[in-house]
Amino acid sequence: MKKHTITAILCAAVALIAAAIAGTSFLEARKQTPIVKGPGVSEIKMLSDWFPGLKGSPGDTEVYILRGAKPGASMLVLGGTHPNEPSGHLAAVMLIERAQLPSGTLYVIPRANASGFTHNDAQEGAPQKFTIQTPAGPRVFRYGSRATNPIHQWPDPNVYIHASSGQTLSGSETRNLNRGYPGRPDGTLTERICYGIVQLIKQENITITVDLHEASPEYPVINAIVAHPKAMSLASDTVLGLEMQDIAIRLEPSPVNLRGLTHRELGDFTDTLPVLMETANASQGRLRGRTDEALVLTGKDKWYVRAARLGRLYVPYDEKGHPLDERVGRHLAGIQELAFSWTLSHEDQPLEFEGLPSYDDLMTDGLGAWLNPPSAPQS
């Protein structure tokens with residue numbers, strides 16, 4: 001009996017220690033990693049400033065505003081729509097920390113779905129975070145989930161019905177930010193976030209909206225710009241400009257039969273010119289091996305090399321992979337080319353960027369060389 005009592009006490013102690021460790025990790029994951037405010041940032045507001053219905057909720061999120069020295073057009077950049085697609089978030093961070101505008105105004109939401117950064121996708125074996133080394137020390141970033149955290153929005157319905165179109169999808173898509181536009185002021189948390197972003201676009205009369213994403217190498221729409229019909233001319237000019245920089249990219253029209261996405265609904269329900277950009281990320285795919293921090297950073301995976309040799313991918317893939325440096329570089333090059341193409345044909349409403357690394361800079365120096373040091377003032 002005495003042995004059984006001691007065993008029970010030991011088991012209870014181990015269980016309590018495990019629970020404490022797991023609880024600490026769970027609470028730590030809910031803390032957002034800091035972003036270093038760059039010299040171009042004029043103001044930091046919250047999305048609830050445009051839609052008060054988000055105030056105090058897990059969906060409220062920072063909006064960084066960079067106002068140019070001269071007036072001009074405006075651009076909204078959405079990073080972190082899917083927090084398990086890190087190049088979109090990192091490109092937005094780079095804009096906040098490095099960009100300066102001679103003309104026009106830039107709005108950046110680095111964590112469009114802030115709730116999605118507070119957890120991981122179940123059973124995917126993904127890392128909770130990844131680290132980028134800078135000359136002044138490491139910067140740690142969250143690797144989150146594609147969807148709103150279920151502790152913030154639950155339960156999922158058996159079938160998700162898109163409110164404005166009636167389209168039906170799997171019930172889990174109700175927590176996918178890029179299936180909820182134009183959103184509803186009295187809807188789910190995810191729909192309210194969408195509604196808040198739409199209110200920002202309408203109230204600030206945003207000229208161009210760019211939604212940053214990543215996709216698996218076997219996904220047909222990859223290394224591409226997806227554009228609403230009214231943004232197609234701008235997107236076409238941008239693709240030509242990127243090709244002249246030896247950055248291969250495809251142009252895809254926004255499909256009318258898939259609803260709730262930024263490139264469709266923002267174009268239909270607001271005056272903005274919406275585009276979505278996709279880069280190739282092996283950690284998103286079904287053919288990948290171990291999903292660890294190295295895969296997120298380097299994009300190297302032997303199974304994708306084999307799949308490329310078998311002709312199963314929609315993007316070139318070899319032993320070099322597609323590193324995070326490259327993926328962020330593609331996004332930043334696309335954003336700058338969009339602004340340049342707009343300004344060429346709208347000289348009375350310019351939108352100009354300075355201070356950002358080029359695609360070649362990032363491929364040569366790496367992201368860490370261009371991120372601000374972790375010791376700098378943070379927001």
Side-chain angles (χ1 to χ4, degrees), residues 45-63 74-83 85 88 92 107-118 144-157 159-213 226 228 230-231 254-276:
K45 300 178 75 172
M46 300 298 291
L47 190 56
S48 57
D49 290 322
W50 288 273
F51 174 47
L54 285 173
K55 191 172 182 62
S57 78
D60 206 1
T61 190
E62 299 93 342
V63 180
S74 57
M75 176 185 285
L76 169 64
V77 174
L78 302 174
T81 291
H82 294 151
E85 300 172 11
Y107 297 78
V108 184
I109 305 181
R111 291 181 279 251
N113 190 346
S115 171
F117 280 91
T118 65
S145 166
R146 179 180 176 82
T148 300
N149 194 325
I151 69 170
H152 299 147
Q153 180 181 316
W154 190 257
D156 290 342
V159 176
Y160 166 51
I161 302 175
H162 180 244
S164 63
S165 70
Q167 171 186 261
T168 58
L169 296 169
S170 169
S172 62
E173 293 287 8
T174 190
R175 292 184 286 116
N176 182 346
L177 191 67
N178 206 32
R179 297 296 182 274
Y181 291 96
R184 294 187 294 167
D186 56 350
T188 65
L189 176 64
T190 306
E191 288 175 318
R192 298 201 311 272
I193 298 169
C194 292
Y195 183 81
I197 291 171
V198 168
Q199 295 313 298
L200 186 160
I201 291 169
K202 288 182 174 180
Q203 293 173 33
E204 300 299 334
N205 194 26
I206 300 296
T207 311
I208 304 166
T209 299
V210 188
D211 190 12
L212 303 177
H213 286 261
V226 185
H228 189 274
K230 66 185 184 184
S254 174
V256 296
N257 59 346
L258 183 55
R259 310 301 302 195
L261 287 83
T262 49
H263 53 73
R264 168 51 56 184
E265 308 300 344
L266 296 183
D268 284 356
F269 284 87
T270 77
D271 293 330
T272 197
L273 302 177
V275 299
L276 181 148

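Because the structure is a prediction, the values reported are computed rather than measured. Index from 1, following the sequence.
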**Report entry** Polar contact flag, side-chain donor to acceptor under 3.5 angstrom, T148-N113
**Finding:** yes
Query raised in the report: What's the shortest heavy-atom distance between R175 and P150, and which atoms?
Result: NH1-CD, 3.7 Å
**Report entry** Stepwise side-chain contact (heavy atoms from CB on, under 4.5 Å) check, L47 with L200
**Finding:** CA-CA 8 Å; L47 190 56; L200 186 160; 4.1 Å; yes
Query raised in the report: How many angstroms lie between atom NE2 of H263 and atom CG of D268, to the nearest 0.5 angstrom?
Result: 11.0 Å
Report task. For the pair T262 and N178, evaluate side-chain contact (heavy atoms from CB on, under 4.5 Å) and give the outcome as yes or no after the intermediate values. Result -> CA-CA 6 Å; T262 49; N178 206 32; 3.5 Å; yes
Query raised in the report: Once you round to the nearest 0.5 Å, how far does CZ of R111 lie from OG1 of T118?
Result: 11.5 Å
Query raised in the report: Are any of the side-chain heavy atoms of D211 and V275 separated by less than 4.5 Å?
Result: no
**Report entry** N/O donor-acceptor pair under 3.5 Å between N149 side chain and G116 backbone
**Finding:** no
Query - Closest non-hydrogen atom pair between R264 and P255, with its separation - result: NE-O, 3.6 Å
Report task. Measure the CG-CG distance between L76 and L78 for me, rounded to the nearest 0.5 Å. Result -> 4.5 Å
Report task. Could you tell me which non-hydrogen atom of P274 sits nearest to which non-hydrogen atom of A231, and how far apart they are? Result -> O-CB, 3.6 Å
Requested in this report: Begin with the C-alpha distance, continue with both residues' side-chain angles, and end with the deciding distance and a verdict on side-chain contact (heavy atoms from CB on, under 4.5 Å) for H213 and T81.
Outcome: CA-CA 7 Å; H213 286 261; T81 291; 3.6 Å; yes
Report task. Apply salt bridge (charged side-chain N to carboxylate O under 4.0 Å, His left out) to the pair D60 and R192, showing each step before the final yes or no. Result -> CA-CA 10 Å; D60 206 1; R192 298 201 311 272; over 6 Å; no
**Report entry** Check: V198 and Y181 side chains under 4.5 Å, non-hydrogen atoms
**Finding:** yes
Query - Nearest-0.5 Å distance, CD1 of residue I161 to OG1 of residue T168 - result: 7.0 Å
**Report entry** Side-chain donor/acceptor of Q153 to backbone N/O of S115, under 3.5 Å
**Finding:** no
Report task. Decide yes or no on side-chain contact (heavy atoms from CB on, under 4.5 Å) for V108 and V63, but give the supporting numbers first. Result -> CA-CA 6 Å; V108 184; V63 180; over 6 Å; no
Report summary line: Between T270 and L266, the two heavy atoms sitting closest are OG1-O, 2.6 Å
Query - Approximate separation, where rounding is to 0.5 Å, of T188 OG1 and W154 CH2 - result: 13.5 Å
Query raised in the report: Taking atom NZ of K55 as the centre, does the number of heavy atoms from other residues, nucleotides or ligands within less than 6.0 Å exceed 12?
Result: no
Query raised in the report: Do I206 and Y107 come within less than 4.5 Å of each other through their side chains, counting heavy atoms only?
Result: yes
Query raised in the report: Out of curiosity, I193 CD1 to S48 OG, how far, rounded to the nearest 0.5 Å?
Result: 11.5 Å
**Report entry** Under 3.5 Å donor-acceptor, H152 side chain and S57 backbone
**Finding:** no
Query raised in the report: For T272, does its backbone N or O pair with a side-chain atom of T209 as donor and acceptor, under 3.5 Å?
Result: no
Query - S170 side-chain N/O to E173 backbone N/O, donor-acceptor pair under 3.5 Å - result: no
Query - Q167 side chain vs R259 backbone, donor-acceptor pair below 3.5 Å - result: yes
Query raised in the report: With no hydrogens and no angle check, is any side-chain donor or acceptor of K230 less than 3.5 Å from a backbone partner on G267?
Result: yes
Query raised in the report: Hey, does the side chain of Y160 reach the backbone of R179 with a donor-acceptor pair shorter than 3.5 angstrom?
Result: yes
Report task. Would you confirm whether S74, through its side chain, and T207, through its main-chain N or O, come within 3.5 Å as a donor-acceptor pair? Result -> yes
Report summary line: Tightest non-hydrogen contact, residues G183 and C194, listed as CA-CB, 3.8 Å
Query - Distance-minimising heavy-atom pair for S164 and P182 - result: OG-CD, 3.6 Å
**Report entry** E62/K45 ion pair, N-O < 4.0 Å
**Finding:** no
**Report entry** Donor-acceptor pair, side chain of Q203 and main chain of W50, under 3.5 angstrom
**Finding:** yes
